[in-house]
Amino acid sequence: MKKSVIFGALTVAGLAAGAAAAGTLDDVKARGKLNCGVTTGLVGFAAPDANGEWDGFDVGVCRAVAAAVLGDPKAVEFVPTTGKTRFTALASGEIDMLARNTTWTFSRDVDLKFTFVGVNYYDGQGFMVPKELGVSSAKELDGATVCIQTGTTTELNLADFFRSNNISYEPVPIETNAEAQQQYLAGACDVYTTDASGLAATRATFEDPSAHVLLPEIISKEPLGPLVRHGDDNWGDVVRWTLNALITAEELGVTSANIGEMAAGTNNPEVNRLLGTEGTLGEMLGLSADWGKNALMAGGNYGELFEGNIGESTPIGLARGLNAQWTDGGLIYSPPFR
């Protein structure tokens with residue numbers, strides 16, 4: 001009797017887990033399109049060009065997932081979201097994944113029930129001020145008006161920083177980066193605070209970027225990365241290992257320039273498993289054998305996406321820093337493909 005009850009319970013649990021696992025991946029395949037949540041517009045990370053085509057570092061992750069699942073990096077519907085609307089859009093199923101400068105925190109992971117599949121940018125919160133303000137440190141901002149996006153970790157970090165330094169500020173709440181930029185340039189606030197990468201991206205769009213200073217203080221840890229809903233482990237695996245494919249490819253020297261040659265087979269077993277010429281990793285994910293190759297052909301490996309969108313040779317001008325490969329002293333590291 002006890003055995004049948006236990007077996008029955010396990011069977012029900014197994015069926016429930018199987019149903020959850022089948023969900024999003026099957027939905028995306030049936031729809032023929034990935035719905036990917038992005039920011040409303042942050043140059044270098046995710047922004048539409050003059051023709052309405054989305055481009056950027058986070059956009060590259062969306063396109064890689066679409067290519068891995070559907071074989072087409074253009075099979076993506078980009079859904080702009082704000083700090084307030086992004087989590088509702090993901091929880092409701094309006095989007096399949098969120099790739100939008102979103103910080104991995106305890107409460108978002110546990111309480112909001114999202115699964116962060118990895119980190120594609122290690123960041124920290126900073127401050128930008130007009131050079132004419134004559135400020136060289138955030139500790140000199142007592143009484144300042146501060147533009148800050150609502151519904152973000154930056155709100156809480158800002159309150160903590162000013163409180164711990166026994167100084168005051170007046171918040172100027174804004175919804176989007178575009179609104180923040182407008183308010184800041186109009187003088188409605190003395191300071192704009194957000195992730196340091198976002199400040200660099202915003203400043204790069206100014207008519208005279210040199211008239212604005214990024215203060216030296218970094219007041220938080222902001223590990224940014226794509227996320228999916230809890231309860232759909234198979235889909236989480238697909239997005240996680242697509243990101244890992246981009247990271248591993250850079251480590252192993254697989255690039256958009258040599259991938260055709262390497263996909264014919266190499267003497268490196270991990271490269272072969274990554275590109276699908278050896279092993280059954282694609283089958284394990286419920287994807288084609290060449291899913292990794294397709295993901296990489298969408299926009300190149302992690303380093304190519306970084307350098308082409310936000311790197312030192314772009315107007316954003318970000319150094320790799322913590323976002324260098326672990327072999328170069330950074331934190332970018334993927335589990336092995338085996």
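When a residue number appears, it is its place in the shown sequence, counting from 1. For the numbers below, each heavy atom of this structure counts, side chains included, while hydrogens, waters and symmetry mates do not. Predicted, not measured: the structure shown is a model, and the values here were computed from it.
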Any side-chain heavy atom of [X] sitting closer than 4.5 Å to one from [Y]?
{"X": "L224", "Y": "T102", "result": "no"}
{"X": "S197", "Y": "Y121", "result": "yes"}
{"X": "P269", "Y": "E278", "result": "yes"}
{"X": "E77", "Y": "L34", "result": "no"}
{"X": "D142", "Y": "S168", "result": "yes"}
{"X": "V76", "Y": "K33", "result": "no"}
{"X": "L215", "Y": "E140", "result": "no"}
{"X": "V238", "Y": "W291", "result": "no"}

State yes or no: do [X] and [Y] share one hydrophobic cluster built from I, L, V, M, F, W and Y residues joined by side-chain heavy-atom distances below 4.5 Å, directly or via other members?
{"X": "I219", "Y": "L156", "answer": "no"}
{"X": "W104", "Y": "Y122", "answer": "yes"}
{"X": "I167", "Y": "I148", "answer": "yes"}
{"X": "W235", "Y": "L281", "answer": "yes"}
{"X": "L246", "Y": "W326", "answer": "no"}

* side chain to side chain donor-acceptor pair (under 3.5 Å) between D190 and T145, intermediate numbers included -> CA-CA 5 Å; D190 303 311; T145 53; 3.1 Å; yes
Give a yes or no on this: more than 12 heavy atoms of other residues, nucleotides or ligands lie within 6.0 Å of atom [atom1] of [X].
{"X": "K74", "atom1": "NZ", "result": "no"}
{"X": "E283", "atom1": "CD", "result": "no"}
{"X": "N166", "atom1": "CG", "result": "no"}
{"X": "R31", "atom1": "CZ", "result": "yes"}

Sidechain-backbone polar pair: [X] side chain, [Y] backbone, donor-acceptor under 3.5 Å:
{"X": "R229", "Y": "T115", "answer": "no"}
{"X": "N294", "Y": "G71", "answer": "no"}
{"X": "T85", "Y": "T81", "answer": "no"}
{"X": "R338", "Y": "E270", "answer": "no"}
{"X": "E94", "Y": "L90", "answer": "no"}
{"X": "N301", "Y": "G303", "answer": "yes"}
{"X": "E222", "Y": "D195", "answer": "no"}
{"X": "T205", "Y": "T202", "answer": "yes"}

Check: residues 53-61 side-chain donor-acceptor pairs under 3.5 Å, at least two apart:
| unit_1 | atom_1 | unit_2 | atom_2 | d |
| --- | --- | --- | --- | --- |
| D58 | OD1 | N120 | ND2 | 3.2 |

Provide the closest heavy-atom pair for [X] versus [Y] in the form atom of the first, atom of the second, distance.
{"X": "V135", "Y": "S137", "value": "CG1-O, 3.1 Å"}
{"X": "P315", "Y": "A204", "value": "O-CB, 3.4 Å"}
{"X": "A67", "Y": "A298", "value": "CB-CB, 4.0 Å"}
{"X": "G44", "Y": "N309", "value": "O-CB, 3.4 Å"}
{"X": "E304", "Y": "G300", "value": "OE1-CA, 3.1 Å"}
{"X": "L296", "Y": "A249", "value": "CD2-CB, 3.3 Å"}

Spacing of [X] atom [atom1] and [Y] atom [atom2] [to the nearest 0.5 Å]:
{"X": "C62", "Y": "R100", "atom1": "SG", "atom2": "CZ", "value": "12.0 Å"}
{"X": "L252", "Y": "Q325", "atom1": "CG", "atom2": "CD", "value": "8.5 Å"}
{"X": "E312", "Y": "L318", "atom1": "CD", "atom2": "CG", "value": "8.5 Å"}
{"X": "R63", "Y": "T242", "atom1": "CZ", "atom2": "OG1", "value": "15.0 Å"}
{"X": "Y302", "Y": "N244", "atom1": "OH", "atom2": "CG", "value": "12.0 Å"}

* Per the side-chain contact (heavy atoms from CB on, under 4.5 Å) rule, which among T152, T40, L227 passes with R86? -> T152
* Structure fact -> Across all chains, not counting sequence neighbours, the side chain to side chain contact (heavy atoms under 4.5 Å, CB included) partners of N267 are none
* To do: Output all residues satisfying side chain to side chain contact (heavy atoms under 4.5 Å, CB included) with V191, sequence neighbours left out; order by chain, then residue number.
  => F127, V129, L141, A144, V146
* Asked: Is it true that E175 and K84 make a salt bridge, defined as a side-chain N closer than 4.0 Å to a carboxylate O?
  -> yes
* Lys/Arg-Asp/Glu bridge criterion (N-O < 4.0 Å) met for K29, D26 -> no
* Structure fact -> Residues passing the side-chain hydrogen bond (donor to acceptor under 3.5 Å, both in side chains) test with N165, sequence neighbours excluded, are none
* Structure fact -> Residue pairs passing the ring-ring contact (aromatic ring centres under 6.0 Å, His included) test with at least one member in residues 238-287, sequence neighbours excluded, are W241-F337
* Asked: Could you walk me through whether L275 and I259 pass the side-chain contact (heavy atoms from CB on, under 4.5 Å) check?
  -> CA-CA 9 Å; L275 300 182; I259 193 169; 4.0 Å; yes
* Asked: Is the Lys NZ or Arg CZ of R320 less than 6.0 Å from the centre of F306's six-membered ring, within 45° of the axis?
  -> yes
* Structure fact -> For L185, the other hydrophobic cluster members (4.5 Å side-chain criterion, sorted by chain and number) are M128, Y184, Y192, L199, F206, L214
